[in-house]
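Each chain gets a letter, A, B and so on, in the order its sequence line appears, and its residues count up from 1.
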Amino acid sequence: MTRLSSYFLPTLKEPPADAEALSHRLLVRAGLVRQLGAGMWTFLPAGWRSHRRIEGIIREELDRAGAQEMLLPVLQPAEIWRRTGRIAIDELFKLDDRKGAEHVLAMTHEEAITWHVAREIRSYRDLPQILYQFQVKERDEPRPRAGILRTREFVMKDSYSFDRDREGLERSYERHIAAYDRIFDRCGLDWHRVAADVGMMGGLGAHEYMAPCPAGENEVALSSAGYAANVEVATATPRSPDGLPEALEAAEAVQTPGQTTIEEVSRGLGVPPGALLKAFPIVTEGRGPVMVVVRGDHRLNEIKLAGALGEAARPAQADEVEALFASVPGFIGPVGASVPVIADEAVRGLRGLVAGANVRDRHLRGVEPGRDFEPEWADVRSVEAGDTCPAGAEIRLEPAIEVGNIFKLGTRYSEPLEATFLDESGTERPVWMGSYGIGLARILAAAVEQGADEQGISWPRAVAPFDVEVVALGKAGEESLEVAERLYEELGAAGVEALLDDRPRSAGEKFADAELLGCPLRLTVGRKGIEAGEVEAQVRRGRERRTLPLDDAAQEAVSLWRELP
RNA sequence: CGGGGCGUGGCGCAGCCUGGUAGCGCACCUGCUUUGGGAGCAGGGGGUCGGCAGUUCGAAUCUGCCCGCCCCGACCA
């Protein structure tokens, strides 16, 4: 019997001063987690119960999808990371053992699992496989933050699929989509599956599962027509700029002394920011200097730019603008540029624009792409609220927590680690891989963020630390504690896990703690209720109370609980 | 890594500017009373003031260096 009088649940009246995010404040206050250091968190018993419930849901759904659970070490030889090149990642913890041999603490397990598969898989008959684990990940985060939202050590469910070919990978990917959809539904989250950046790894496709909430570090672009993408990769049609100046026969120079920003030029010439061209001097590895142009009221999206360029790029330094671009910082523009110009699609077809003249204190007006300069076109701007999605609906932006991701790796790891098999014709081929992650603590934090109210946490039924909290009122020796214990036993027999508050505390204190902890249902047993033959039930979400007949309280409570979200 | 802030009993804070040997609320312990929305009275325990060095007769307080933590940004296979 879990009695609060002897359970390690240290609740706090006030949150720690350094806690900002709602989930951070509430998880600490409710006694579910404690901090050990920056980005290092301990799960206390009740918090770990929630964590394990999430784990259970994930395990059920992955097993249902045919995945096989296993366990890989966190401490690994550096060699395999050297082979894939990931040894160079800054976030990777590296350490030497007493003999001086180099090791790493794994941040994910692609190397290790692929190494094993390379050794054991030989024939097309051995494929496909989906393997997974729940294991700690270690990351030397530059900035841990927001309680358990971004930590240096955390438990991840990571699965890896191994297929004969691209079509097989697609099937494994689809299986994960189906499993993930069910997992996040069962966890009671509000979530979106969004198109995501494939990153510098150059994967074949990726999605992220995003749980919207104010503490989220990511932003997702959504529309009522079902469009859903991380703003890092989102594409949409912009609103046309209002009040474009008239087109001119030819571009003409205007003096803009000291006006180096969009705002200054816009004000100085009396044209809207959308009529300006914002030019970015960029230096790429392979192509050298290029100029990227977006509308003055738009923002350059560096991830989309990297995707369009097909390589990494960095902004040019001030001195490079003069040396490499033959221009002046603050006045650079595409007309007469000495380097290749990449223009954002939103600029295409516009006339009467204003751009830097590549001469100090001078801009050009009446500029027209196609006539005055011939760019390479690309979609490189960040979408904005109010844009139009491909299906024609309005885009809105929301902050969200990334709770899971799925990634088509292709042969990124199988080739360097030589994970190959012989196909039916006896030809050696690399295994096609996918990798799929879920951050358990992030699901927990997202559930808190999305369900909390003024009183505290309000758990979705499936991930609450306990299903029901039974509060026994009155002083020691009174009948209410006995009745509460009986109720507790009956709930347990019906398969509902309860927590019994048997502490010698005031009613107000117990109610406040119960609402802070946020179990979906609270049952209150007091002297008055017993005399009236009643038990009070409070549904945490909404805090609506009702009375149940004492004789049948457990059964009634169980039925009530089953209907909760 | 750049910018900002904080570090004083378990938690939240005051004291620091203007140096004189540490205080408040909550929590905790004992006793009595109280018991359906964070009780009352009485008594009590607990702090090398993040660390080191310096200035001074004397440092929580002034100076320097270091450490830790938080927030914003950069970063985040």
Nucleic acid contacts - residues 514-526 of chain A versus RNA chain B, non-hydrogen atoms under 4.0 Å: A:Glu515, A:Arg522, A:Thr524, A:Gly526

Pairwise P distance for B:G9 and B:C49, with rounding to whole Å: 10 Å

Sugar-phosphate, base or nothing in reach of A:Ala512, heavy atoms under 4.0 Å: base

Sugar-phosphate, base or nothing in reach of A:Ala146, heavy atoms under 4.0 Å: sugar-phosphate

All pairs passing side-chain hydrogen bond (donor to acceptor under 3.5 Å, both in side chains) where residues 437-450 of chain A contributes a residue, at least two apart: A:Ser23-A:Glu449

Side-chain atoms of residues 503-521 of chain A: list all donor-acceptor pairs with protein atoms under 3.5 Å, sequence neighbours left out, distances to 0.1 Å.
| from | atom 1 | to | atom 2 | distance (Å) |
| --- | --- | --- | --- | --- |
| A:Arg503 | NE | A:Asp501 | OD1 | 3.0 |
| A:Arg503 | NH1 | A:Asp513 | OD2 | 3.2 |
| A:Arg503 | NH2 | A:Asp501 | OD2 | 3.1 |
| A:Arg503 | NH2 | A:Asp513 | OD2 | 3.0 |
| A:Arg505 | NH1 | A:Glu509 | OE2 | 2.7 |
| A:Ser506 | OG | A:Glu509 | N | 3.4 |
| A:Lys510 | NZ | A:Ala472 | O | 2.5 |
| A:Lys510 | NZ | A:Arg503 | O | 2.6 |
| A:Asp513 | OD1 | A:Thr11 | OG1 | 3.3 |
| A:Asp513 | OD2 | A:Thr11 | OG1 | 3.4 |
| A:Glu515 | OE1 | A:Arg543 | NH2 | 3.4 |
| A:Glu515 | OE2 | A:Arg522 | NH1 | 3.1 |
| A:Glu515 | OE2 | A:Gln538 | NE2 | 2.8 |

Which atoms of nucleotides 6-12 of chain B (N or O only) lie under 3.5 Å from a protein N or O atom, and what are those distances?
| from | atom 1 | to | atom 2 | distance (Å) |
| --- | --- | --- | --- | --- |
| B:G12 | OP1 | A:Ala17 | N | 2.8 |
| B:G12 | O2' | A:Glu14 | OE2 | 3.3 |

Selected nucleotide, minimal atom distance to A:Arg139 side chain, candidates B:G73, B:A77, B:G37: B:A77

Nearest-angstrom distance, P atom, B:G51 to B:G10: 13 Å

A:Trp459: side chain to side chain donor-acceptor pair (under 3.5 Å) partners, not counting sequence neighbours: none

Pairs satisfying salt bridge (Lys or Arg N to Asp or Glu O under 4.0 Å), at least one member in residues 107-117 of chain A, at least two apart: A:Arg86-A:Glu110, A:Arg86-A:Glu111

Sugar-phosphate, base or nothing in reach of A:Asp90, heavy atoms under 4.0 Å: nothing

Partner set under ring-ring contact (aromatic ring centres under 6.0 Å, His included) for A:His51, not counting sequence neighbours: A:Phe43, A:Trp48

A:Arg143, nearest nucleotide to its side chain (from B:G38, B:A74, B:G37): B:A74

Among B:G37, B:G38, B:A77, the nucleotide that comes nearest once only the side chain of A:Asp513 is considered: B:G38

Contacts of type ring-ring contact (aromatic ring centres under 6.0 Å, His included), residue A:Trp41, not counting sequence neighbours: A:His24

Identified pairing partner of B:G54, criterion: Watson-Crick or G-U wobble below 3.5 Å: B:C62

Sugar-phosphate only, base, or nothing, as touched by A:Glu110 at under 4.0 Å among non-hydrogen atoms: nothing

Sequence-distant partners of A:Ser161, side chain to side chain donor-acceptor pair (under 3.5 Å), two or more places apart: A:Tyr436

Spacing of the C1' atoms in B:G47 and B:A22 (rounded, Å): 9 Å

Salt-bridge present (A:Arg145, A:Glu20; N to O < 4.0 Å): no

Heavy atoms from other residues, nucleotides or ligands near CD of A:Glu302 exceed 12 (cutoff 6.0 Å): no

Nearest-nucleotide pick for A:Ala507, side chain only, options being B:G36, B:C75, B:A77: B:G36

